[in-house]
Amino acid sequence: MAATSTGQETWSGKAAFVFAAVGSAVGLGNLWRFPYAAGENGGGAFVLLYILCIVAIGLPVLAAELFLGRRGGGSAVAAIRRLAEADGRSGAWSLFAWVGMVASFLIVTFYSVIAGWVLYYAWTLIVDLFTSIADQGLAGLTGGAFHGQERAAIEGQLGQLLASPGKMILCHAIFIGLTTWIVSRGVKGGIEAAVTILMPTFFVLLVILSIFAMIQGQAVTALGFLFAPDWSALGERLSDGSILLSAIGQAFFSLSLGSAMMITYGLYLGRDQSIPGSASIVVAADTGVALIAGLAIFPIVFQFGLEPAGGPGLMFGTLPLAFSQMPFGSIFGIAFFLMAFFAALTSSISLLEVATAFADGDVDLDVEEKRRRRVVGAAVLGLVAFLVGCGHALSVVPAEVADTFFNDWHPLGFLPLFEGQTLLDATDGLTTYVLLPFGGLMTAIFAGWVVSRTASREELHFASEAGYRRWRFLVRWVCPLFVGAVLVYGAVVSPWLSGRPAAEAEPVETAPALPPEQQ
Ligand code: TRP
């Protein structure tokens, strides 16, 4: 069953794989989604629940995905089919890898739109810095961002952007274009080359920004907000299952699980690499970044008496306002959005890689043929992702600005979970709260019940038998029962009973109505 044949690329070493996997895990999920998910769900209480999900469910499922990929080889779909057939089971098991592949692709369509916003903010801040230096000399460098602009104008930045489909689509095009180009260059020449530059830069920026924010701002309030548990908020939302679904959805999203993505990065894993060890590093780094990102964001938000807004408003409305009021705000803001851009790029390449690995064919193809197919596959997938993404971008344009068709289209509106949601919200909700938990559930069942014990023990190669037993218990019992129950209750039963979405996919706030001269 060895997956190594002429055409299959592998990571050039242990560090390369860890950078790639951490790069995939660390992204907008950590910087954009986690801080406000924690804020909305009772701070420390949610953080605790989240960490529990990460350790009991995320870690074992991550190890499972990696070993399935390495043992099966080819693409995620081919790997699962081969493994099922090797143990005398039906090749139809590969259907769940198909679902995962579709989920990854759906995610990249809206992920790159949001990443486009990040790019736009970075650009706006850079232009602003140069104009303020030109106007004010050195003071422009040390002062806050968006000099001379009114508070309302700064807070309205997101509204302005949402009302400009052209800008959104241009930034989305640049981002998905970059992603496609990197993925088309292959595992070593593309993905690995990108992550080994971007990830270290990301970490340096994160550390500098969080230290600066803690010194500058209200560190104690921020720590309290993130870590002091508000049990009443937890209790309230525990009853309808929504907080558990939020925590599990966030855990899967943040670790890039349940979508065949880590199976795909497992394909390129060398035999000498320890899977339990690498999985632990990825989980620790991802969780650490989510928490540290909170410490880079909340101290300055509280410093200026701002409220941590829910949804996209936090990163795209509240933070820019904080940047406008703090010393060195321009530089801080540029560094922050560049950091977010790097994190998003290393994640989106992993998302596009899942379907590209499928397009470039199975292990029996030779290097040349695989390379040719990869370039064509990545180009076609990137183009389709761009087109679908345009629909997402048009769906957030306020109705007062223009009727884009997409802003009044509710594709899954007939299901209670997605009532009233437009394309972007519904795609986000469908993937995060349904497809990823479903994929995680199936991965656990497949790795725990379908693949033979001999295969999983040999491939995972735990340092101790106790470690292996613990993994197997979690994957056979805890993950399926817990994730299955939360999925059925949170996504089906509860929304039907109450007639409203249980796990609120972040509503993209409609922009404030613009004054007539800007319309
Ligand atoms: N984990 C990334 C983040 O936190 C996003 C991501 C990359 C992802 N690959 C994925 C999410 C696969 C789900 C599935 O931003």
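Quick caveat: nothing in here was measured; it's all calculated off a predicted structure. Remember, it's 1-based here, ligands and their atoms both numbered in the order they're listed. Position 1 is the first residue of the sequence; numbering continues from there.
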For the pair F323 and F332, name the ring-plane relationship: parallel under 30°, tilted 30 to 60°, perpendicular over 60°. tilted
Evaluate the side-chain proximity of Y120 to L170: yes if any heavy-atom separation is below 4.5 Å, no if none is. no
Which pairs of donor and acceptor atoms, one on a side chain in residues 56-66, lie under 3.5 Å apart (sequence neighbours left out)?
unit_1, atom_1, unit_2, atom_2, d
E65, OE1, M262, N, 3.2
E65, OE1, I263, N, 3.4
E65, OE2, G258, N, 2.8

When the ring centroid of [X] is compared with that of [Y], is the distance short of 6.0 Å?
| X | Y | result |
| --- | --- | --- |
| F358 | W98 | yes |
| Y121 | F337 | yes |
| W32 | W117 | no |

Between ligand 1 and the protein, give all atom pairs where both partners are nitrogen or oxygen and the distance is under 3.5 Å, as lines of names plus distance to 0.1 Å.
unit_1, atom_1, unit_2, atom_2, d
ligand 1, 1 (N), S24, O, 3.2
ligand 1, 1 (N), A25, O, 3.0
ligand 1, 1 (N), F253, O, 2.8
ligand 1, 1 (N), S254, O, 3.1
ligand 1, 1 (N), S256, OG, 3.0
ligand 1, 4 (O), A25, O, 2.9
ligand 1, 4 (O), G29, N, 3.4
ligand 1, 4 (O), N30, OD1, 3.3
ligand 1, 9 (N), S256, OG, 3.2
ligand 1, 9 (N), S350, OG, 3.3
ligand 1, 15 (O), L28, N, 3.1
ligand 1, 15 (O), G29, N, 2.8
ligand 1, 15 (O), Y111, OH, 2.6

